[in-house]
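Everything on this sheet refers to the single structure shown next.
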Number of protein chains: 2
Amino acid sequence: MTTQARRSKPGPRRTLTEGAILDAALDLLDEGGVKAASVRGIAARVGVAPNAVYTYFPDKAAVVKAIVEHLLGQVDLAVFSDRNVPWRQRIESLALELRERLTAHPGAVNLMIGGPMDGPRALALNEHLMETLGDSGLGAAEAARASYLLIVYVFGSIALETAEQGDQTRGTSEDEKIASRLKGFSAIPAASYPLSAAAAPIMATYVSTRQYTWGLHKVLDGLTGE
Amino acid sequence: MTTQARRSKPGPRRTLTEGAILDAALDLLDEGGVKAASVRGIAARVGVAPNAVYTYFPDKAAVVKAIVEHLLGQVDLAVFSDRNVPWRQRIESLALELRERLTAHPGAVNLMIGGPMDGPRALALNEHLMETLGDSGLGAAEAARASYLLIVYVFGSIALETAEQGDQTRGTSEDEKIASRLKGFSAIPAASYPLSAAAAPIMATYVSTRQYTWGLHKVLDGLTGE
DNA sequence: GTACATTTTGTACGGCGTACAGAAATAGGC
DNA sequence: GCCTATTTCTGTACGCCGTACAAAATGTAC
């Protein structure tokens, strides 16, 4: 160890870290939605000139990618790897965990869907899903297709859920959201859309954990042929 | 008809129509992605000053909403209402039609997911799905939940599909897209992600019609408890 | 101490959505 | 057939965005 790998670069020490930038970006995302998470906004929050951000990330797309990876990295896949737990339950727990992490930052899921999810964390998630589905007795090819179906369901659900809520303040409880939706649905003309008007109380609950798990169960039922 | 309802307003005649603006916006969306579909770009294409667009739409969000409705309006739901056709097949045909219409304009589905889909066309789609699922023997509440599950699947699939393709030129065939994806997957380190590396040929086909219908069948299987 | 690599800032460019005021064009009331 | 009210479109401008470029400040290695 004659060569000190660290402490090698010349120039002033950095005043920030990538993590601090990502944290600031997430805060802004939570407070003001996607439009608030601008490079200039991030820089202002961490107390630095706008272009200083480009020392840490080549462009804004890289920041977005890093946020996505950061969020995916927050879910500890090892927790859902206990083979003593039935595979269906492991998948359900993971799906619920993902929903919780991502709905905590509305607008974040839109960032994910904006570009390809090809980072290492996304890959690890894919790997984990295929591994778990392998335990279900599915062959390798079927497990792969099935894991993509699950990814579509999870991210599609969350994306639609946050989209339907628009810019609604984040602090509201699930019951409040449902009540607010139901109120909006009262404007549906029953003459033109009788089934929708009648189903308004159900449609209001589309953004609930119950609907999420209900749909997940149907998907899993379809996968296991039952 | 003594009262001419039309030809009533003062002021110069309009030089454009809402439709012309939407067509221009869709063209730009196809050619240059979401960023190209700017108000200024649209105005330039139809040969008008940027702010003239605001005569037809109150703001850009309204234009986006109109595009979404325009696209949804392109699918003629009546075609999928023939009760002589089994309900599963009707849903499958509709799902395929939606995918075709929306993947024809990559970036458009991101616009849909960006905000709530509460326009009349979206409502009509929901109504149609609930009606069709009613034919399957599901109760009203289950049919409502099931239709949302289908919407999540359809729009989630298309959103992920267009996202994974990034800014890939639109003209490429499905086979070319798959080949390109497979090439990219060869970079997956088999040591860290053995299952994913091995499943690369399957994962490459995630963006295919086959995967889309495969997943749809699984969802429908889950819905019918088989 | 000097040379060099690196971080941060100041400034600037082009593009965005859109607000505002004014000019041109058209309808209805007299 | 003028007058007035209303509407459409343009010119201009503001504040925001992402980011390129050059210079200043700061650190390491020789």
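Chain naming here is simple, since letters A, B, ... match the order of the sequence lines and numbering starts at 1 in each.
Regarding A:R14, its CZ atom lies at a distance of 13 Å from the C1' atom of C:dA5, rounded to whole Å. A straight line from CG of B:L28 to P of C:dG15 spans 15 Å, rounded to a whole angstrom. One atom, CZ of A:R13, and another, C1' of C:dA5, lie 15 Å apart when rounded to the nearest Å.
Contacts between residues 39-49 of chain A and DNA chain D, defined by a heavy-atom separation below 4.0 Å, involve A:V39, A:R40, listed by number. Against DNA chain D, the stretch residues 52-65 of chain A makes heavy-atom approaches under 4.0 Å through A:Y54, A:D59, A:K60.
A salt bridge does not link A:E164 to A:K177: none of the charged nitrogens lies less than 4.0 Å from a carboxylate oxygen. Using a 4.0 Å cut-off between charged side-chain N and carboxylate O, A:E69 and A:K65 make no salt bridge.
For the pair B:T15 and D:dC9, the criterion of a side-chain N or O lying under 4.0 Å from OP1 or OP2 is met.
Put simply, the side chain of A:S186 gets close to the backbone of A:K183: a donor and an acceptor are under 3.5 Å apart. With hydrogens and angles ignored, the 3.5 Å screen pairs no side-chain donor or acceptor of B:S157 with any backbone N or O of B:V154.
A donor atom on one side chain and an acceptor atom on the other are not found under 3.5 Å apart for A:E174 and A:S208. Side-chain contact check for A:R181 and A:T205: no donor-acceptor pair (N or O, by modelled atom type) lies under 3.5 Å.
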Identify all pairs in which a protein N or O lies below 3.5 Å from an N or O of nucleotides 1-5 of chain D, and state each distance.
none

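Between B:I67 atom CD1 and B:L29 atom CG the span is 6.5 Å, to the nearest 0.5 Å.
Checking C:dT26, C:dT6, D:dT7 against the side-chain heavy atoms of B:K9 singles out D:dT7 as nearest.
Ring-plane geometry between A:Y148 and B:Y206 is classed as parallel, the angle between the planes falling under 30 degrees on a 0 to 90 degree scale with a further cut at 60. Relative orientation of the A:Y212 and A:Y153 rings is parallel, given thresholds of 30° and 60° on the angle between their planes.
Counting heavy atoms from C-beta outward, A:R101 and A:L71 have side chains that stay 4.5 Å or more apart.
The heavy-atom pair separating A:L22 from A:A66 by the smallest distance is CD2-CB, 3.8 Å.
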